[in-house]
Amino acid sequence: MGKKLNIPHTFTIVFAIIVVCAALTWIIPGGEFDRQTVSVDGHERSIVVQNSYHRVENQPQTWQVFTAFFNGFQRTSHIIVFILMIGGAFWIMNETNAINKGIFLFLEKTHKIQKYKFFNIIGVDNILIIAIMIVFSLFGSVFGMSEETIAFIGIFVPLAISMGYDSITGVLMCYVAAHIGFAGAMLNPFTIGIAQGLSGLPTFSGIGYRLICWLTLTIAGILFTLLYAHHVKKNPTSSIMYELDQYWRDKATDEEHKQELEPSSPRAWIVYAILTACMLYCAIRMPQTNITIGATEHTLVLWPIISGCFILLGFVATRKSVHHLILTILLLTITCLVVGVLGYGWYVMEIAALFFAMGISVGIAYGFPFDRVTRLFLEGCKDILVAALIVGLAGGIIVILEDGKVIDTMLYAISQGMGNAGRIGTTASMYLVQNLLNLIIPSGSAKAALTIPMMAEWSDLMGVSRQLTVLAFQFGDGFTNMITPTSGVLIAVLGVARVPYAKWFKFIWKFLLALIIIGFLMLLPPLFFPFTGF
């Protein structure tokens, strides 16, 4: 029998990348572009000045490989705090066993409709996976859902396990679906909005062809997930996560699921009353909400509707059991998250605070003493600490490259190496560059500010539309987010799901390659056929 392959720890892999990047700062000459600040859709952005590249003194990185963790921790501190607060909040939630009970009851009810011929042919589980993936893909497409998926992993991984799948299926349903939508976005303000603004294009123009792209990519992602999920359910031991998923299976045993639902205590009614008062306050103070979807703004009466629904559902849930109330609070939290992101520009701070409040509310409603709520929150932070530390270390990769003054040099060399490649070659080159750059610059906004000003003008010279340049940037920015070790979101998601990076890479790389090929094929039609906006 051959010797078993030992897969390095994610920490080891990321630190090795930092060492390699530090070595590159000794080989690659230092260089910089001049930058200027411009206003794009009311926001100040720093963009590259054309033909401004110049050599600067080399800044080889040596002992900085040991300070990269500290500096990366500072750079990604918002993501790290977000992870810790989410981990603590969901630890309190998990201690009540409400999610497991809810999942079990949900599956029990959905499997009852399996007796109907239509649902039996399609499969209830398949319908559920398709519905979840469409929703998350749409969220990624419309408002650039990315960091928010971290909070949902703690829900969908246990759900996937309870359905007979593995933790990777849970990640596919949530994280991958959102990032497929992110790549095929129609209205993402963080990529399309900025890139089109820097290109001098009308904001969110070309949406018709982008809709086709989104549908194509979403269908591809759903088909891949369904095939993989079917394979795992048929042969659970075939999953590369089978042994490690024992953690999740232990948390989702039938003994836990079949415990009776606990009746609501006076504390649960107090929490319900407080949340009702909070929702009524929101309904009175904010009777109308301006929801921004792409370039259009819609004024909707959301808080009064949400408040009314919570008051009704919360009352019914609290009468049934404390677990029903807890699940209603979770639903309210998710609803507030969507409204906050679309209507009020919430980001990680507001979302973390929202889930923090959820965790405290759930703990009090379940009847935990205040001291135990605190201890459970700290236990959750401790449980997720490794993932948070890896995010900080991964942030050090960018710090090393920036401090070494080599990122601009690499970009300049790539742009010069493109040469006279023709329209198809130019499009392929831009697409390839964006995919490669995303491995070291996962921020779509930063990469847009860095590359779009140059590539937009270069595409003019090569006879390629600026809209296609933005589309190449959009695809290149989205796909490789699923493997780039510099992405704090990816590392955090894998940490919460307890999926080692090496196993994830081994699993996802073939599908990622297929997405990249599909993306390139979708870049070709606008070269030869007229599409509105292109």
Side-chain angles (χ1 to χ4, degrees), residues 7-33 35 46 55-87 146-147 150 348 381-382 384-414 435-447 449-451 477 480-496 499-505:
I7 300 175
H9 190 278
T10 305
F11 229 94
T12 305
I13 295 172
V14 176
F15 186 76
I17 294 174
I18 288 178
V19 173
V20 171
C21 290
L24 290 177
T25 64
W26 286 80
I27 301 171
I28 300 175
E32 286 183 344
F33 286 103
R35 287 169 170 77
S46 176
R55 292 290 181 86
V56 297
E57 185 178 353
N58 286 347
Q59 298 290 333
Q61 304 292 288
T62 53
W63 62 276
Q64 288 89 348
V65 296
F66 301 109
T67 64
F69 175 63
F70 182 88
N71 293 327
F73 209 101
Q74 287 185 315
R75 185 187 186 96
T76 59
S77 58
H78 59 301
I79 296 293
I80 293 171
V81 175
F82 178 75
I83 294 169
L84 294 175
M85 294 183 71
I86 292 294
S146 180
E147 288 85 353
I150 301 171
V348 289
C381 293
K382 180 180 177 180
I384 205 70
L385 184 61
V386 172
L389 292 175
I390 291 174
V391 169
L393 185 63
I397 298 173
I398 305 299
V399 173
I400 288 290
L401 292 174
E402 286 184 346
D403 290 350
K405 306 294 183 182
V406 298
I407 283 186
D408 285 3
T409 300
M410 294 165 65
L411 177 62
Y412 177 74
I414 292 171
N435 273 289
L436 294 177
L437 280 178
N438 201 47
L439 296 175
I440 56 175
I441 309 176
S443 169
S445 302
K447 194 155 66 274
L450 185 66
T451 63
D477 176 63
T480 45
N481 276 329
M482 300 180 200
I483 61 166
T484 175
T486 59
S487 170
V489 178
L490 171 63
I491 299 301
V493 163
L494 296 181
V496 174
V499 177
Y501 176 81
K503 285 185 177 292
W504 172 253
F505 185 90

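Counting begins at 1 with the first residue of the sequence. Side chains included, hydrogens not; waters and symmetry mates left out as well; all remaining heavy atoms used.
- Within the model, atoms CG of L393 and CZ of F15 stand 7.5 Å from one another, a figure rounded to the nearest 0.5 Å.
- In plain terms, the two heavy atoms of L490 and T484 that are nearest each other are CD2-O, 3.5 Å.
- Taking the six-membered ring for Trp and thresholds of 30 and 60 degrees, Y501 and F505 have ring planes inclined between 30 and 60 degrees apart.
- Rounded to the nearest 0.5 angstrom, E57 CD and E32 CD are separated by 11.5 Å.
- When all heavy atoms of G30 and T409 are compared, the pair lying nearest together is C-OG1, 3.4 Å.
- If you take CD on Q74 and CD1 on I80, they are separated by 10.0 Å, rounding to the nearest 0.5 Å.
- Here L389 contributes atom CG and F69 contributes atom CZ; the two are 4.5 Å apart, rounded to the nearest 0.5 Å.
- Of all non-hydrogen atoms in N58 and I28, the two that sit nearest each other are OD1-O, 4.4 Å.
- In this structure, T67 OG1 and F73 CZ are separated by 14.5 Å, a value rounded to the nearest 0.5 Å.
- A heavy-atom distance below 4.5 Å is found between the side chains of Q64 and I400.
- Taking each heavy atom of L401 and C21 in turn, the nearest pair found is CD2-CB, 3.8 Å.
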Side chain to side chain contact (heavy atoms under 4.5 Å, CB included), that's the test. Do V489 and N481 meet it? Break it down for me.
CA-CA 9 Å; V489 178; N481 276 329; over 6 Å; no
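- Residues G31 and V56 share a closest heavy-atom pair of N-CG2, 3.5 Å.
- The nearest pair of heavy atoms linking T25 to Q61 is OG1-N, 2.9 Å.
- Not a single donor-acceptor pair under 3.5 Å links the side chain of W26 to the backbone N or O of T62.
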